[in-house]
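What you see is a predicted model; the values in this text were computed from it and never measured.
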There are 2 protein chains.
Amino acid sequence: MSSAKKGDLVFKALADRRRREILDLLKDEPKTTGDICAKFKKLDRCTVMQHVGVLERAGLIFSKKVGRFRWNYLNAVPIREIYDRWINKYASPSVEILTKLKHDLEK
Amino acid sequence: MSSAKKGDLVFKALADRRRREILDLLKDEPKTTGDICAKFKKLDRCTVMQHVGVLERAGLIFSKKVGRFRWNYLNAVPIREIYDRWINKYASPSVEILTKLKHDLEK
DNA sequence: AGTATATGTTATAGTTTTATAACATGTCAA
DNA sequence: TTGACATGTTATAAAACTATAACATATACT
């Protein structure tokens, strides 16, 4: 798969609120697939699993099987890449905005 | 609009590749709406404008009208918020992954 | 005023995504 | 091995999103 396609998967994966909530659950510690399903009582178990699949294909989750359980881990690397794409490392966002405004007004 | 809803708009806006390309165009300097349309020759002008509208409603773009021209600026603040949501400030992502693996293996 | 330029709005067909149901595999413990 | 548990796969209806066309407004210049 090309790098561009992989990036698409990351953003598509983050586009759904339930999937972002799953990543929130995994932020501090891994969870089993069953743990995740239990947190979404209003949602069908199959639906949750499909969301987990989308996140895994995007590389935002990686997993490790132990006996009957599948432990899911957050991989935050793609999220750092989003940050690096648009944030100037040598200026805070607010400074950046003001700089651009100034640049325009001087025209 | 609630904060949660606003966040939804940001992620939905980032979900489309054309919209991400528009943000890339604005990273270093503002562009007029016409400038942006000119960069997407294969896409209808109306389509580009709708994308710009989605980005603006999400707060990823803000604009300033000067005469007949509308200057569009990138606002990277929501992107920093994405970063802050999942990245632990006191550990690099790779360190974080290893820490979680270790935590699991010790069970 | 009249014309060209630059931008904005609304409706809709085509495409993609989400939630669910039905079905299926692999593991543990008595 | 039998039953219960935990997870995984495939198909489909409903919902959401994208691209386009048709229509509309605002500004600058002669």
Fill in: End axis versus end axis in the helix from dA1(C)-dT30(D) to dA30(C)-dT1(D), the angle rounded to 10°, five pairs used at each terminus
30°
Worksheet entry | Minimum side-chain heavy-atom gap Lys12(A)-Val54(A) below 4.5 Å | no
Practice prompt. Under the side chain to side chain contact (heavy atoms under 4.5 Å, CB included) rule, collect the residues that match up with Arg85(B), sequence neighbours excluded.
Written response: Arg20(A), Asp24(A), Phe11(B)
Worksheet entry | Whole angstrom value for the distance that separates P of dC23(D) from CG of Asp44(B) | 15 Å
Worksheet, complete the sentence: Contacts satisfying side chain to side chain donor-acceptor pair (under 3.5 Å) that involve residues 42-55 of chain A (not counting sequence neighbours) are Arg19(A)-His51(A)
Discussion item. Restricting to side chain to side chain contact (heavy atoms under 4.5 Å, CB included), what partner residues turn up for Ala58(B), sequence neighbours left out?
Written reply: Leu9(B), Val10(B), Ala13(B), Leu60(B)
Fill in: Which residue lies more 5' along DNA chain C, comparing Lys65(B) with Lys42(A) via nearest heavy atoms
Lys65(B)
Fill in: Residues which pass side chain to side chain contact (heavy atoms under 4.5 Å, CB included) with Lys31(A), listed by chain and number, not counting sequence neighbours
Leu26(A), Glu29(A), Asp35(A), Ile36(A)
Item to complete: State, yes or no, whether a side-chain contact exists between Phe62(A) and Leu55(A) at a heavy-atom distance under 4.5 Å.
Response: no
Discussion item. Distance check, rounded to the nearest 0.5 Å: Asp16(B) atom CG versus Glu21(B) atom CD?
Written reply: 8.5 Å
Worksheet item: Under 4.5 Å between any side-chain heavy atoms of Tyr73(A) and Ile61(A), yes or no?
Response: no
Item to complete: Compare all side-chain heavy atoms of Leu25(B) with those of Phe40(B) and state whether any distance is below 4.5 angstrom.
Response: yes
Practice prompt. Group every Ile, Leu, Val, Met, Phe, Trp and Tyr by side-chain heavy-atom contacts under 4.5 Å, then state whether Met49(B) and Ile22(B) land in the same group.
Written response: no
Any protein N or O atoms within reach of nucleotides 4-6 of chain D? Criterion: under 3.5 Å, listing atom names and distances.
none

Fill in: Partners passing side chain to side chain contact (heavy atoms under 4.5 Å, CB included) against Phe69(B) (at least two apart in sequence or in another chain)
Thr32(B), Trp71(B)
Response to the item:
DNA chain C: first to last nucleotide in contact with chain A (atom under 4.0 angstrom from a heavy atom), 5' to 3', is dT17(C) to dC28(C)
Worksheet item: How long is the line joining CG of Leu43(B) and P of dA19(D), in whole Å?
Response: 5 Å
Item to complete: Mind calculating the distance between CZ (Arg45(B)) and C1' (dA24(D)) to the nearest angstrom?
Response: 11 Å
Worksheet item: Taking atom CG of Asp84(B) and atom CD1 of Ile79(B), what is their separation to the nearest 0.5 Å?
Response: 12.0 Å
Item to complete: Could you list the residues that satisfy side chain to side chain donor-acceptor pair (under 3.5 Å) with Asn72(A), not counting sequence neighbours?
Response: Thr33(A), Arg70(A)
Worksheet item: Tell me, for nucleotides 11-17 of chain D in 5' to 3' order, what letter each nucleotide earns: B for a base near a protein heavy atom under 4.0 Å, S for only sugar-phosphate near one, - for neither?
Response: B-----S
